[in-house]
J.: 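Following this message is one structure expressed as structure tokens.
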Protein chains: 2
Amino acid sequence: MPRNKPQQGADEKKAEILEAARKLFLDAGYEATSITAIATAAGVAPNTIYWYFKDKDELLLAVLDQLLQENLAEFMSVIGRPISEQLLWLVKKLRGFSRLISTVHTRIHESNTLNQWHSQFHITVEQLFRQQLQQQVTGESISVEGRIAAYTIEGLVTHDIEENAAQLTCEALASRWVKP
Amino acid sequence: MPRNKPQQGADEKKAEILEAARKLFLDAGYEATSITAIATAAGVAPNTIYWYFKDKDELLLAVLDQLLQENLAEFMSVIGRPISEQLLWLVKKLRGFSRLISTVHTRIHESNTLNQWHSQFHITVEQLFRQQLQQQVTGESISVEGRIAAYTIEGLVTHDIEENAAQLTCEALASRWVKP
DNA sequence: ACCTGAACACCGTTCAAGT
DNA sequence: ACCTGAACACCGTTCAAGT
């Protein structure tokens, strides 16, 4: 005997908590954002959050999933352009999440689920690179080139250097892949 | 009128605290290590630590300084070898500190002194690369190549992939810098 | 099913007091 | 100068109790 109206407003509440967490995580960073702060912003008691999310890490995971989904779609639209432009676009885009990216790398060692998410993320990203490098690079070095690109971009993002230097670096990366 | 014996055993105590912190930070990570745990390992009361160090970040800084000094000297001895070997040596060496490296990147946003230390560290490292690339790469791209190398190594270290993949990546990096 | 008040164990840090 | 007991404000999380 199924319930047709399980609860109205419940999913909305969860969305509100997630939205509050997202804003605070991006603005102040994961570490500096307390559960209490999220609860206050969402208009609930702190422990209410634990009805919707297992713990603070699962809240982070939900935010990451949301950000990934949004920006992956956006990235697809830029895929036709020259590779150096794609790379620079990625760097600029990811700059907004640099704090969170560092947090993920740190919390990998404390949260197993976050570790899995991160691995899956890199697999996804490197597959994207692979597709583009397929016609430009000899077979055996594709995975290596993908890694160099991924790590360099990660470095450019998390070490926020000047925009000009980032552009030069992206061009240098792309120039590696022109066919002889 | 100078004191000749300012206090005996005082510097030793500080060294003991530092040693305890270093071991715990490397074994369990900075975040998972409480001041109380360090104090217990050093045989003092938790608040005693604050007589020797301003806060937990300054303790981290002291550990980093110590590790840097030791391993910089060690690195000098490998400087004659082929570049790809140097890179792989670096990766293997830094693997032992990967947790701490991630922590530094995260805490940059919370601690100003740590931020300064990190900037200075990258300047030092890139200067080392620059010296070696000087004879192999055209002048204008030296800083870019140094950055790619530094970030790739950082990625190899913090994403602990298989040793073989790391080696291939180091060789690919080095092969970029052979003179035509 | 959904939400909360109260409590728990812990955290980094401070302060007044001891020697 | 060096060290500590006690306290402070806070943290993420749990639990019994309410609706």
Side-chain angles (χ1 to χ4, degrees), chain A residues 1-22 24-25 28-63 103-104 106-107 109-114, chain B residues 1-22 24-25 28-63 103-104 106-107 109-114:
Chain A
M1 208 177 288
R3 295 195 195 179
N4 285 349
K5 271 194 177 182
Q7 202 79 11
Q8 66 176 10
D11 285 1
E12 282 92 342
K13 207 81 212 171
K14 178 166 186 174
E16 277 175 35
I17 293 173
L18 188 56
E19 190 190 344
R22 171 187 172 141
L24 287 168
F25 285 170
Y30 176 83
E31 294 81 7
T33 300
S34 68
I35 293 283
T36 302
I38 298 170
T40 304
V44 297
N47 43 359
T48 297
I49 292 181
Y50 291 88
W51 197 90
Y52 293 99
F53 299 93
K54 182 179 161 287
D55 54 21
K56 202 184 174 187
D57 277 312
E58 204 181 76
L59 205 38
L60 173 58
L61 224 64
V63 170
T103 295
V104 168
T106 300
R107 299 208 58 73
H109 308 103
E110 341 248 346
S111 161
N112 221 307
T113 46
L114 202 54
Chain B
M1 205 176 291
R3 293 195 196 180
N4 285 350
K5 271 193 177 180
Q7 201 80 11
Q8 66 176 11
D11 284 2
E12 283 92 344
K13 206 82 213 169
K14 179 165 185 175
E16 278 175 35
I17 293 172
L18 188 55
E19 191 191 342
R22 172 188 170 140
L24 288 168
F25 284 171
Y30 176 84
E31 294 80 8
T33 301
S34 68
I35 293 284
T36 302
I38 298 171
T40 303
V44 296
N47 43 359
T48 297
I49 291 180
Y50 291 89
W51 197 90
Y52 293 100
F53 299 92
K54 184 177 160 285
D55 54 22
K56 201 184 175 187
D57 276 311
E58 205 181 75
L59 206 38
L60 173 59
L61 224 65
V63 170
T103 296
V104 168
T106 301
R107 299 207 58 71
H109 309 103
E110 339 249 346
S111 161
N112 222 306
T113 47
L114 203 54

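Just so it is clear: chains get the letters A, B, ... in the order the sequence lines come, proteins before strands, and each one is counted from 1.
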J.: Whom does D:dT4 pair with, Watson-Crick or G-U wobble, provided both distances fall under 3.5 Å?
T.: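 Base partner found: C:dA16.
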J.: Rounded to the nearest 0.5 Å, what's the gap from OG on A:S111 to CG on A:L60? Could you check?
T.: 8.0 Å
J.: Assess the residue pair A:E110 and A:R107 against the criterion (salt bridge (Lys or Arg N to Asp or Glu O under 4.0 Å)); give the C-alpha distance rounded to whole Å, side-chain angles, the decisive distance to 0.1 Å, and a yes or no.
T.: CA-CA 5 Å; A:E110 341 248 346; A:R107 299 208 58 73; 5.0 Å; no
J.: Quick test: give all pairs of protein nitrogen or oxygen and nucleotides 17-19 of chain D nitrogen or oxygen below 3.5 Å, distance rounded to 0.1 Å.
T.:
none

J.: Using whole Å, report how far CD1 of B:I35 lies from P of D:dA7.
T.: 21 Å
J.: Taking the side chain of B:S34 as its heavy atoms from C-beta onward, which of C:dG12, D:dG12, C:dT4 lies nearest to it?
T.: C:dG12
J.: In whole angstroms, how far is the P atom of C:dT14 from the NZ atom of B:K56?
T.: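 Rounded to whole Å, this separation is 14 Å.
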J.: Determine whether A:L18 and A:Y52 make a side-chain contact, defined as any pair of heavy atoms from C-beta on separated by less than 4.5 Å.
T.: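 A side-chain contact is absent here, since even the closest heavy-atom pair is not under 4.5 Å.
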J.: With a distance cut-off below 6.0 Å to the six-membered ring centre and an angular limit of 45° from the axis, does A:K56 pair with A:Y30 as a cation-pi contact?
T.: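 Output yes; distance and angle both within limits.
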J.: Nearest-Å distance, CZ (A:F53) to P (C:dC2)?
T.: 13 Å
J.: Output the distance between atom CD (A:E19) and atom CG (A:L24), rounded to the nearest 0.5 Å.
T.: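 Nearest 0.5 Å value for the CD-CG distance: 10.5 Å.
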J.: Nearest to the A:V44 side chain among C:dT13, C:dT4, C:dC3, which nucleotide is it?
T.: C:dT4
J.: Could you check whether atom CD of B:E31 has more than 12 heavy atoms from other residues, nucleotides or ligands sitting under 6.0 Å from it?
T.: yes
J.: Just to be sure I understand the rule, does B:T48 reach a base, reach only the sugar-phosphate, or reach nothing, if contact means heavy atoms closer than 4.0 Å?
T.: base
J.: Output the single nucleotide from D:dG12, C:dG12, C:dC2 whose closest atom is nearest the side chain of A:W51.
T.: C:dC2
J.: Let's see if you can work this out: which of D:dT4, C:dG12, D:dT13 has an atom nearest to the side-chain heavy atoms of B:A45?
T.: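 That would be D:dT4.
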J.: Please tell me which of the listed nucleotides, C:dT13, C:dC3, D:dT13, lies nearest to the side chain of A:D55?
T.: D:dT13
J.: For A:A32 and A:K54, find the nucleotide of DNA chain D closest to each by heavy atoms; which residue's nucleotide sits nearer the 5' end?
T.: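 Closest to the 5' end, via its nearest nucleotide, is A:A32.
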J.: For A:D57 and D:dC11, what is the distance between atoms CG and P respectively, to the nearest whole Å?
T.: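 Those two atoms, CG and P, are 17 Å apart.
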J.: Rounded to the nearest angstrom, tell me the gap between atom NZ in B:K13 and atom C1' in D:dC2.
T.: 11 Å
J.: Can you check side-chain contact (heavy atoms from CB on, under 4.5 Å) on B:Y50 and B:I35, steps first, answer last?
T.: CA-CA 10 Å; B:Y50 291 89; B:I35 293 284; 3.7 Å; yes
J.: Whole angstroms only, please: what is the CZ-P distance between B:R107 and C:dG12?
T.: 10 Å
J.: Expressed in angstrom and rounded to an integer, what is the separation of A:I49 atom CD1 from D:dT14 atom C1'?
T.: 14 Å
J.: How long is the line joining CD of A:E31 and P of C:dC11, in whole Å?
T.: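 Computing the A:E31:CD to C:dC11:P distance gives 17 Å.
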J.: Out of D:dG12, C:dG12, D:dC2, which has the shortest distance to the side chain of B:Y52?
T.: D:dC2
